[in-house]
Enquirer: 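I'd like to ask some things about the structure below.
Just so it is clear: chains get the letters A, B, ... in the order the sequence lines come, proteins before strands, and each one is counted from 1.
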Number of protein chains: 2
Amino acid sequence: MRISYKGDYALKAVLHLANRYEDGEVVPINEIAAANDIPRKFLEQIMLILKGAGLVDSRRGIGGGFFLKRPPAEIRLGEVVRLIEGDIEPIACAKTPPEPCCAEIGSCAFREIWAEVAAATAAIVDGVTFADIMRRQRELKSAHQGYHYEI
Amino acid sequence: MRISYKGDYALKAVLHLANRYEDGEVVPINEIAAANDIPRKFLEQIMLILKGAGLVDSRRGIGGGFFLKRPPAEIRLGEVVRLIEGDIEPIACAKTPPEPCCAEIGSCAFREIWAEVAAATAAIVDGVTFADIMRRQRELKSAHQGYHYEI
DNA sequence: TATAAATCCGATTTATTTAGTAGTATATAA
DNA sequence: TTATATACTACTAAATAAATCGGATTTATA
């Protein structure tokens, strides 16, 4: 599974909203774009996808913006990844049910390997929520802070 | 990591040669292409990459063709995958050393996740040799055989 | 020494995907 | 009613994928 710019942007945007989830803050797209160095109009498209999937909601007009519909602890990385990037499987024949790839579909040992890779990948991205990411981000930032302080 | 047609073809071609490795058989590209339903001219390009990497060698002229330079047990899936598909990492910043992706490279929790995914994927594709694939292929074929027999 | 069989190699082509950009419409708070 | 914001559709440029084309070169053998 490759992560495109689009997917990377989506994850950063969701993380941005996750950090503002407490108190039900509404965040305008300009802020998300500027803070994460994402092209504004491109991010619009991405936010519409996230909204269409029910992950975020929005309010128009002055004071409007985007916000998560669920708490960060209930949003898994895998959900966003699948939304933007599509299948986790490295090849279509590794899906369940498998999409036909070759005549040997019933006896192709490669297919088993790709299914293993998909399962391992899914276990990781579905095992992490945005609450986990926020926590880890804080840890990394404070460690980095400390590093500078010691110099 | 996504597997392209090119990568899929390359794996099938190497497996084809692996099955002919005993007795040092030399296999013409036409046979590999026909048996695996791979466009002949496309396969030419792929074989040249494999040869350039020292994985296979070739003999020109009548009676010529391709053959593995090493026994199947000494060729890991990961080697072919990396040759054709490039990096295993789902995003460049997950490489070691990381390629810069965002300003937060030192404190990006996503990067850690992608590194985990890359490690899990690498462990799988580097843990399997073409000898393993051949063995598994035989198992699957005989199981499939048996299945038909029982009807 | 022709000839046929085979690899070698660079260029071109076609389609798809990626990563945006542009422009307009619509909603809403003040 | 105006400024601020999202909603939506369409378009475009660049890169990548998946071949295809047209030969050049090598080699066994008849």
Side-chain angles (χ1 to χ4, degrees), chain A residues 1-13 16-17 25-34 36-69 83-87 90-92 101-102, chain B residues 1-13 16-17 20 25-34 36-69 81 83-87 90-92 101-102:
Chain A
M1 175 206 37
R2 196 194 151 239
I3 302 301
S4 63
Y5 273 81
K6 194 174 177 181
D8 186 44
Y9 293 160
L11 292 167
K12 283 172 176 166
H16 193 103
L17 293 182
E25 275 190 77
V26 170
V27 186
I29 205 170
N30 276 328
E31 178 188 316
I32 307 175
N36 296 280
D37 206 35
I38 303 173
R40 156 74 205 276
K41 290 296 257 179
F42 195 20
L43 183 56
E44 268 188 26
Q45 295 177 17
I46 295 167
M47 295 314 289
L48 286 183
I49 294 172
L50 298 178
K51 181 177 176 178
L55 203 70
V56 308
D57 208 344
S58 63
R59 272 215 294 275
R60 286 178 162 198
I62 293 178
F66 290 89
F67 53 95
L68 296 185
K69 286 185 77 175
L83 250 176
I84 304 295
E85 308 290 359
D87 299 321
I91 191 168
C101 51
C102 52
Chain B
M1 175 207 35
R2 195 191 151 242
I3 301 302
S4 63
Y5 273 83
K6 194 174 177 181
D8 187 45
Y9 293 161
L11 292 167
K12 283 173 176 165
H16 193 104
L17 294 183
R20 307 302 207 77
E25 274 189 80
V26 169
V27 186
I29 206 170
N30 275 328
E31 179 189 314
I32 307 175
N36 296 279
D37 207 36
I38 303 172
R40 155 77 204 275
K41 291 296 255 179
F42 195 20
L43 183 56
E44 270 188 22
Q45 295 177 19
I46 294 167
M47 296 313 291
L48 285 182
I49 294 172
L50 299 178
K51 180 176 177 178
L55 203 70
V56 307
D57 207 345
S58 64
R59 274 215 294 273
R60 288 181 160 194
I62 292 179
F66 290 90
F67 54 94
L68 296 184
K69 283 185 80 174
V81 168
L83 250 177
I84 304 295
E85 308 291 359
D87 299 321
I91 191 169
C101 50
C102 52

Enquirer: In whole Å, I'd like the distance from the CD atom of A:E31 to the P atom of D:dA5.
Expert: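 Answer to the nearest Å: 10 Å.
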
Enquirer: Using only side-chain N and O atoms of B:S4, determine if any of them is under 4.0 Å from OP1 or OP2 of D:dT16.
Expert: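 Checking D:dT16 against B:S4, no side-chain N or O comes under 4.0 Å of OP1 or OP2.
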
Enquirer: Quick one: is B:S58 getting a side-chain N or O under 4.0 Å of the C:dA6 phosphate, OP1 or OP2?
Expert: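 The answer is no; no side-chain N or O of B:S58 sits under 4.0 Å from OP1 or OP2.
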
Enquirer: Regarding C:dT26, can its base be found pairing with the side chain of A:R60 as donor and acceptor, where the two atoms are less than 3.5 Å apart?
Expert: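 Yes.
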
Enquirer: Of all the choices, D:dA18, C:dA27, C:dA19, which nucleotide is nearest to the side chain of A:R2 once you look at every atom?
Expert: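 Nucleotide nearest to A:R2's side chain: C:dA19.
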
Enquirer: Over how many whole Å does the gap from B:I29 atom CD1 to D:dT26 atom C1' extend?
Expert: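 After rounding, the reported distance stands at 15 Å.
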
Enquirer: Whole angstroms only, please: what is the CZ-C1' distance between B:R59 and D:dT27?
Expert: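 Taking CZ of B:R59 and C1' of D:dT27, I get 11 Å after rounding.
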
Enquirer: Quick one: A:K51 NZ to C:dT26 C1', roughly how many Å, whole number?
Expert: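 It is 12 Å, rounded to the nearest whole Å.
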
Enquirer: To the nearest 0.5 angstrom, please state how far the CD atom of B:E44 sits from the NZ atom of B:K41.
Expert: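 Between B:E44 CD and B:K41 NZ, I get 4.0 Å after rounding to 0.5 Å.
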
Enquirer: What is the separation between atom CD on B:Q45 and atom C1' on C:dG10, rounded to the nearest whole Å?
Expert: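 Going from B:Q45 (CD) to C:dG10 (C1'), I get 10 Å.
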
Enquirer: Ignoring hydrogens and angles, does a donor from either the side chain of B:E44 or the base of D:dT20 sit under 3.5 Å from an acceptor on the other?
Expert: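 Result: no qualifying N/O pair found.
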
Enquirer: In this structure, are over 12 heavy atoms from other groups packed under 6.0 Å from A:Y5 atom OH?
Expert: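 No, not enclosed.
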
Enquirer: Of the nucleotides D:dT20, C:dT21, D:dT4, which one has an atom closest to the side chain of A:I62?
Expert: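 It is D:dT4.
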
Enquirer: So if I take every side-chain heavy atom of A:Y5 and compare against C:dA19, C:dC8, C:dA6, which nucleotide ends up nearest?
Expert: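 Closest of the options to the side chain of A:Y5: C:dA19.
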
Enquirer: Using whole Å, what does the distance between atom C1' of nucleotide D:dA10 and atom CZ of A:F42 come to?
Expert: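 Whole-Å distance recorded here is 15 Å.
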
Enquirer: Under 4.0 Å: is that the gap between some side-chain N or O of A:Y9 and OP1 or OP2 of C:dA19?
Expert: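 Answer is no, no contact under 4.0 Å.
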
Enquirer: Of B:N30 and A:G7, whose nearest nucleotide on DNA chain C comes first from the 5' end?
Expert: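 Nearest-nucleotide comparison on DNA chain C picks B:N30.
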
Enquirer: Has the side chain of A:K6 got a donor or acceptor that lies under 3.5 Å from a partner of the other kind on the base of C:dG20?
Expert: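 A donor-acceptor contact between them is absent.
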
Enquirer: Nearest-Å distance, NZ (B:K41) to C1' (C:dG10)?
Expert: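 Atom-to-atom, B:K41 to C:dG10, this comes out as 10 Å.
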
Enquirer: Report the distance from atom CG of B:D37 to atom C1' of D:dA19, rounded to the nearest whole Å.
Expert: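 It is 14 Å, rounded to the nearest whole Å.
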
Enquirer: Does a sphere of radius 6.0 Å around CG in A:D57 hold more than 12 heavy atoms from other residues, nucleotides or ligands, not counting ones at 6.0 Å or beyond?
Expert: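 Yes, because the 6.0 Å sphere around CG of A:D57 holds more than 12 heavy atoms from other groups.
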
Enquirer: So how far is it from A:K69 NZ to A:L55 CG, rounded to the nearest 0.5 Å?
Expert: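 Between A:K69 NZ and A:L55 CG, I get 9.5 Å after rounding to 0.5 Å.
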
Enquirer: When rounded to the nearest 0.5 angstrom, what is the spacing between CG in B:L11 and CG in B:L50?
Expert: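 If I round to the nearest 0.5 Å, the distance is 9.0 Å.
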
